[in-house]
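Scope of the values below: all heavy atoms of this structure, side chains included, with no hydrogens, waters or symmetry mates. Residue numbers count from 1 along this sequence. As the structure lists them, so they are numbered: ligands from 1, and atoms in each ligand from 1.
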Amino acid sequence: MSNSKKAIVIGSGIAGIASALRLSAKGYEVEVFEANAYLGGKLSLIELGNYRFDAGPSLFTMPHFVDELFRLFDKNPADYFQYVANEVACHYFFPDGTFLPFYTDKNQTVKMVENTLQIDGKPLLNHFKKSEFIYNKTHSIFLENSLHSLKTYFSKDIFSSVLALPFLDIFKTMNQSNELGLNHPKLVQIFNRYATYNGSNPYQAPGILNIIPHLEHGIGSFFPSKGMHSITTSLVQLATEMGVEFRLNSKVSEIVVEGKKVKGVKVNKEMFSADVVFCNSDIKPAYNHLLKSVPKPSKTLSQEPSSSAMIFYWGIKKSFPQLDLHNIFFSADYKHEFETIFNHAAVCDDPTVYVHVSSKIVKEDAPAGSENWFVMVNVPYNSGQDWETMRKVIRSSIIKKLNATLGENIESLIEEEDYLDPIRIEQRTSSFGGALYGASSNDRMAAFFRHPNFSKINGLYFVGGSVHPGGGIPLCLLSAKIATGFVK
Ligand SMILES: Cc1cc2nc3c(=O)[nH]c(=O)nc-3n(C[C@H](O)[C@H](O)[C@H](O)COP(=O)(O)OP(=O)(O)OC[C@H]3O[C@@H](n4cnc5c(N)ncnc54)[C@H](O)[C@@H]3O)c2cc1C
C-alpha cells in the first residue's frame, strides 16, 4: 500500500488536469473523477464526417503556462505539445465593406490602419502601449496571486500597482477608455470586442480590462499544431505517465466534510477518501449540489453570470482565401448588441459573427478544398429562453451576414452541421446557465468577489473558470497554480 497522501480532483477541465499534474508533482497520489465519458470539459472535440472541430476555446494565448506543466516533471514540452505563433491576430470585416487584418505585430497593424482608414496611427500605438502598461502593473497581483491572501498585499509588486491606480481606468468603462484613446469608431469597436474574451459587456466593464489586447499584440497569439484539443490530450498523456488516474462517467454527488475538514467525495453512493479535494466544477453547482451543508458565499454566488455562446460547427465544401484562422464580422450597432444580451437576455437581429477555421493551420481538420467553420455568436446565459426558436433565428441572421460579406450562398456549401447552445454547454460541463467564464466582469469589483482558490474547509480547494483569477485557458491554468501553492 502506498504511503503518499491522496488527492481527488472533481472534473477534468483544463484546470482540473493542471491541478492533477501539480498535485502529482508534489507527491500526491491523484484521482480525477469526471462526469462525462470524455476528458477536457469545454476543451474537447467534435467530429462530423471528415471534419474535426475544437468544441470550445479557439483563441490560445500565453502558451508558456501549458509548457511549464511539462517542465514540472523535467520533460521537454515540445515532445508532447507543439504550437505555432500567428502572424495575424484576426481578420475584421465591417458591414460597410471595410476590411482590417490585425497583425500580432503592433507596428504592422498601425501601418495597415493608417493606410486603410487614412488616419494618424499614433493613438492606436499608444493604446497598445497602454494595454502593455496595465498588464505590467497588474498581472502579478490580479492574475498570478490570490486576491484573497494577505501575503499578496505585502508583496513588492503591490506598491507599483497602487501607484499606477489612477492610470488603470478602473473608474471608466472599457468603451469610455477606448473612445478617449482611439481616433476612429472602427478601432473602438475592435478594442471593445476584447470584453467578450471574458464574457463581459464593454459598455459596463471597467477599462482595466484593456489589459487583454496586450496578450495578443504583446505576448502573442498562438495555435496548437494539432488543434486546441491537443492541449487536453497532451496534458492527459503526461498525467497518465505520472500515475494520475482518470475515472470517466463518475459524477461526484457530494463533497464529504466533517467539522471543518474535507474527508473525500461520494460517487454513486460510494465514498472515496482523500487528504485534499480540488473542485473543478463551476462554483454555483458546487455549493448548491455538492456542499449542501456548508454555508454559501452569497455575494459570490449572486454575481451576474458571463455571456454564453451559440456555436454552429459547419463542414464547408469550399475554401475561402479571404478568411484567416480567426475572423470577425461586426454588427452595425455594437452597443445595441450588448444591451440586448446583458439587459434583455436576448440576441439582436444583426449579431457580430465569429468564424474560426482551424483547418487554415491543421490541414487534417477538413478534406482538401474544404474548411471546418466554427461559427459563434455571443448570447446571454440560459435563463429559460426558447433556445430552439432563437437558434433558428440566429442561424439565418448569420447566413444573411456571411452571404452579404463573402458574396456566396453559404447555406448551399454546408455539408456537415452540429451546434452548441447554452443548454448543451450547461449539460456537458455543469457550467451555470452555460456561462462561458463563470461570472462576468461587468462589475468593477468582480475580481474581488470571485471565489478564492482555497476555502473555509480544510483541504478543499477551487479551480477553474468560475473562480479566481477567472475564465479562459491561461487563467484556469493559473487557478491551478495558485490553489496548489496553498497545499503542503
Ligand atoms: C464556446 C466556448 C468558447 C470559448 N473560447 C475560449 C477561447 O477562445 N479562449 C479561451 O482561453 N477560453 C475560451 N473559453 C473558455 C474556456 O473554455 C474555459 O475557461 C475553460 O476551458 C474552463 O475550464 P475549467 O477548468 O473551468 O473546466 P470546464 O471545461 O468547465 O470543465 C469542468 C469539468 O468538470 C466536470 N464536472 C463538473 N461537475 C462534476 C461533478 N460533480 N463530478 C464530476 N465531474 C464534474 C464537467 O463534466 C467538466 O468536464 C471558451 C468556452 C466555450 C464554451
Which one holds for [X] and ligand 1: side chain close, backbone close, both close, or neither close, with close meaning a heavy atom under 4.0 Å?
X: Y437; answer: side chain
X: A35; answer: both
X: N280; answer: both
X: P57; answer: both

Would you mind telling me which of N378, V379, N201 makes a side chain to side chain contact (heavy atoms under 4.5 Å, CB included) with I341?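 The passing option is N378.
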Between [Y] and [X], do the side chains contain a donor N or O and an acceptor N or O under 3.5 Å apart?
X: T352; Y: S331; value: yes
X: D418; Y: Y51; value: no
X: N372; Y: S358; value: yes
X: K42; Y: S431; value: yes

What distance separates [X] [atom1] from [Y] [atom2], expressed to the nearest 0.5 Å?
X: F102; Y: R193; atom1: CZ; atom2: CZ; result: 10.5 Å
X: M242; Y: L72; atom1: CE; atom2: CG; result: 10.0 Å
X: S12; Y: I17; atom1: OG; atom2: CD1; result: 5.0 Å
X: C348; Y: Y334; atom1: SG; atom2: OH; result: 10.5 Å

So, is the end of the [X] side chain (NZ or CZ) under 6.0 Å from the ring centre of [Y] and within 45° of the ring's axis?
X: K401; Y: F329; result: no
X: K186; Y: F94; result: yes
X: K296; Y: Y287; result: no

Under the side-chain hydrogen bond (donor to acceptor under 3.5 Å, both in side chains) rule, what do Q189 and Y92 come out as? Steps first, then yes or no, please. CA-CA 10 Å; Q189 190 163 11; Y92 291 106; over 6 Å; no
For [X], take its heavy atoms, then give the atoms of ligand 1 lying under 4.0 Å from any of them.
X: N36; answer: 47 (O), 49 (O)
X: T429; answer: 46 (C)
X: G464; answer: 25 (O), 26 (O)
X: G465; answer: 26 (O)
X: G13; answer: 25 (O), 27 (O), 28 (P), 29 (O), 31 (O), 33 (C)
X: G41; answer: 29 (O), 31 (O), 48 (C), 49 (O)
X: I311; answer: 1 (C)
X: R428; answer: 47 (O)

Of all the non-hydrogen atoms in the protein, which one sits nearest to [atom], and at what distance?
atom: atom 8 (O) of ligand 1; result: L59 N, 2.9 Å
atom: atom 29 (O) of ligand 1; result: K42 N, 2.7 Å
atom: atom 47 (O) of ligand 1; result: E34 OE2, 2.7 Å
atom: atom 52 (C) of ligand 1; result: L436 CD2, 3.7 Å
atom: atom 42 (N) of ligand 1; result: V252 N, 2.9 Å
atom: atom 34 (O) of ligand 1; result: G11 CA, 3.2 Å
atom: atom 39 (C) of ligand 1; result: I10 CG2, 4.0 Å

Would you say ligand 1 has an N or O under 3.5 Å from any N or O of [X]?
X: S58; result: yes
X: C476; result: no
X: I473; result: yes
X: S466; result: no
X: A309; result: no
X: I425; result: no
X: G471; result: no
X: A15; result: yes

Taking the basic N atoms (NZ, or NE/NH1/NH2) and the acidic carboxylate oxygens, is any pair closer than 4.0 Å for [X] and [Y]?
X: K292; Y: E254; answer: no
X: E31; Y: R247; answer: yes
X: D365; Y: R52; answer: yes
X: E411; Y: R395; answer: yes

Looking at ligand 1, does H289 have a heavy atom less than 4.0 Å from it?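 For ligand 1, residue contact (heavy atoms, under 4.0 Å) with H289 is absent.
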Would you call S250 a ligand 1 contact, heavy-atom distance under 4.0 Å?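 True for this residue.
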Kindly identify the option in G434, S253, G472 whose heavy atom sits closest to atom 19 (O) of ligand 1.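 That would be G472.
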